[in-house]
Q: 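Below is one structure. I have some questions about it.
Residue numbering restarts at 1 for every chain, and letters A, B, ... go by the order of the sequence lines.
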Amino acid sequence: MTSALTDGTSRAPSTYTYTSRPRALPCQRSRYRDSLTQPDEEPMRYGNIMYDRRVIRGNTYALQTGPLLFDFDLEVKPVLEVLVGKIIEQSLLEVMEEEELANLRASQREYEELRNSERAEVQRLEEQERRHREEKERRKKQQWEIVHKHNETSQKIAARAFAQRYLADLLPSVFGSLRDSGYFYDPIERDIEIGFLPWLMNEVEKTMEYSMVGRTVLDMLIREVVEKRLYMYEHKEETHRSPEPEDEPGGPGAVTESLEASEFPEQSMSQTQGLLLDGDYVQRTTYDRRSSQERKFMEETELLEQDEESAMRKSLEEEELS
Amino acid sequence: MAHSQNSTEFPVNINTTRLPLPNGHRALPKLKRLSQRTSDEQKDSSCRDPDPSYLSLSGHGLTYVTIHPPFPRYAFLEHDIVLALSFLLNDLSPVCRGNLYKAYMQLVQVPRGAQEIISKGLISPLVWKLQVEREEEFQELILDTLVLCLREDATEALGSNVVLVLKQKLLSVNENIRSKAAHALLNVSISREGKKQVCKFDVIPILVHLLKDPVEHVKSNAAGALMFATVITEGKYAALEAQAISPLLELLHSPMTVARLNATKALTMLAEAPEGRKVLQVHVPTFRAMEVESHEKPQVAEALQRAARIAVSVIEFKP
């Protein structure tokens with residue numbers, strides 16, 4: 001067999017591999033077997049083991065002519081046994097493998113299903129947890145907002161109350177201060193104050209001035225008369241005395257006495273003044289019931305006296321000079 | 001005599017139309033070279049190799065390699081084949097594409113494989129292909145791939161409007177496609193963003209409609225998708241508006257365990273809303289009965305009982 005194989009490789013155009021089918025060997029294989037089969041060259045022509053005379057087989061044409069190589073039937077049995085056995089073993093293995101794989105797959109699937117259901121459970125619980133947590137968060141937030149609003153509202157109320165109290169006094173105080181500053185006035189009163197009273201004062205002043213002027217004029221008249229009388233008296237004393245006029249009862253009398261005594265100009269003036277003052281005082285005491293105007297008249301006469309003193313002085317000086 | 005060692009070679013009667021491939025991890029570099037060669041050929045439009053069988057061979061070989069022992073998957077990833085193969089997605093030959101989908105589907109059975117597909121950005125093309133592909137078998141394969149990828153990371157898929165595409169597929173005639181689309185939606189709605197998108201695109205009424213589907217596994221997947229989508233408040237109210245409670249209650253008596261489990265959980269979610277609670281208060285005895293029922297596998301029984309107990313406690317909750 002091996003020789004046949006080697007012979008096959010030595011000359012075959014295609015390579016021999018384990019997939020090659022058994023094929024009939026070509027005839028001419030003489031080269032390497034000269035030493036061995038020299039005498040048996042003739043039967044080797046066929047090259048097919050089935051026709052080889054030296055092999056004893058079941059269905060053989062050959063008779064036992066030469067030396068036997070081997071008994072085909074005997075030798076083939078173990079070979080066949082091994083071959084068939086191996087084939088069957090291999091196929092059994094494969095079938096068992098497939099069965100095992102199928103079993104594995106099935107148990108894998110089952111496990112997968114259980115695992116899926118557990119996973120679903122886990123996810124459900126997770127989801128529940130998440131929902132609860134979210135709910136809690138939401139509620140907490142809500143509560144916080146409520147508290148916050150509460151605080152804010154109470155602050156607002158406090159602020160409003162405080163502002164109200166603060167400003168409650170505002171109105172009266174404003175009014176009070178305004179009133180104090182005199183912004184509220186009775187218009188009639190104000191009108192009287194602004195319009196009427198100044199006018200009144202003016203008129204009073206004017207009237208008093210008139211009376212003053214009248215008094216002054218009167219004073220001047222009196223002075224002139226008195227001067228004239230004095231002059232005339234002085235002239236008359238040189239000759240004889242003239243009767244005095246009876247214009248004024250007390251006043252002229254006091255005046256002439258004073259004038260008589262007033263030959264000395266300076267002293268006479270002061271004396272006149274003093275006498276006049278005394279006279280006035282006497283007049284006042286005696287004539288209380290005189291109107292204020294006349295009193296004022298007298299005072300103003302006094303004042304005018306002082307003004308006239310300069311004029312008198314001048315006139316007297318002139319007289320003396322002359 | 002022959003040696004009695006376990007042969008790692010392919011069995012003798014192999015299909016000649018297949019590529020001669022070395023075994024196991026040695027196949028991968030060769031495959032990679034092959035696929036790169038084909039992709040280069042495709043890129044070079046002048047010489048378009050019209051031999052589809054060549055490409056299908058590479059895909060076929062792939063599938064063969066990947067279906068068998070699991071270690072080639074990691075070798076897959078090491079040799080960066082995923083990206084190279086992605087060029088085959090737009091291939092004209094359906095056989096090649098089919099094999100590619102099968103290969104990807106096998107790849108994503110491990111989480112690392114799914115991550116690899118996601119990281120190479122293949123989800124958008126796959127979603128696109130899902131829309132475009134006519135063959136239902138291919139659609140199923142793509143859906144299978146997507147289901148497992150979405151379990152890992154849904155963000156990229158959500159960006160490429162996977163919810164809309166899946167919504168279309170929910171109404172398909174083929175029950176497998178419906179069921180797988182519902183399963184994909186289930187995985188999508190695990191993430192929060194997915195839930196929001198599911199509610200936004202009005203998928204919930206369709207899911208409720210699917211609850212009345214004649215096929216059991218469609219119902220159970222739809223219930224599962226609802227279970228996740230109703231965790232958020234929007235989903236709850238959308239489901240309540242779509243009258244989800246009565247079909248879910250019927251599903252509680254389904255023969256499939258997973259259907260019962262999903263229905264219980266979905267009803268628990270709905271019972272959190274006051275309207276749902278009101279309706280479900282009448283049905284508390286059903287849940288109590290579920291609490292005591294048993295199952296052959298203790299884990300599953302325990303899971304069912306626990307789910308029923310939780311449902312009862314949620315229904316009877318007083319704020």
Q: Calculate, to the nearest 0.5 Å, the distance between atoms CG and NZ belonging to A/L114 and B/K297 respectively.
A: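 Here the interatomic distance stands at 9.0 Å.
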Q: Taking CD in A/E145 as the centre, count heavy atoms belonging to other residues, nucleotides or ligands within less than 6.0 Å. Is the count above 12?
A: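 For A/E145, atom CD is crowded (more than 12 foreign heavy atoms under 6.0 Å).
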Q: Among residues 147-174 of chain A, which ones touch chain B with a heavy-atom distance under 4.5 Å?
A: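 Not one residue of residues 147-174 of chain A has a heavy atom under 4.5 Å from chain B.
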Q: Flag yes if more than 12 heavy atoms outside A/I146 fall under 6.0 Å of its CD1 atom; otherwise flag no.
A: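 Yes, the 6.0 Å shell around CD1 holds more than 12 heavy atoms from other groups.
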Q: Of the listed residues (B/N187, B/L186, B/V231), which shares the most heavy-atom pairs with chain A below a 4.5 Å separation?
A: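 Looking at each option in turn, the highest pair count goes to B/V231.
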Q: How far does CD of B/Q109 sit from CG of A/L104, to the nearest 0.5 angstrom?
A: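 Going from the CD atom of B/Q109 to the CG atom of A/L104 covers 11.0 Å.
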Q: Please assess A/E110 against B/Q299 for the test side-chain contact (heavy atoms from CB on, under 4.5 Å), listing each intermediate value before the final yes or no.
A: CA-CA 10 Å; A/E110 218 174 76; B/Q299 255 182 340; 5.5 Å; no
Q: Applying a heavy-atom distance below 4.5 Å, give me the residues of residues 118-138 of chain A that approach chain B, sorted by number.
A: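 A/E118, A/R119, A/A120, A/E121, A/Q123, A/R124, A/E127, A/Q128, A/R130, A/R131, listed by number.
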Q: Could you check which of B/E272, B/M269, B/M227 has the highest count of heavy-atom pairs closer than 4.5 Å to chain A?
A: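 Option with the top pair count is B/E272.
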Q: May I ask you to test the A/E113-B/V300 pair for a side-chain heavy-atom distance under 4.5 Å?
A: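 Side chain of A/E113 against side chain of B/V300, heavy atoms only: no contact under 4.5 Å found.
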Q: If you tally heavy-atom pairs under 4.5 Å against chain A, which of B/N262, B/I232, B/I190 wins?
A: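 Of the candidates given, the most pairs with chain A belong to B/I190.
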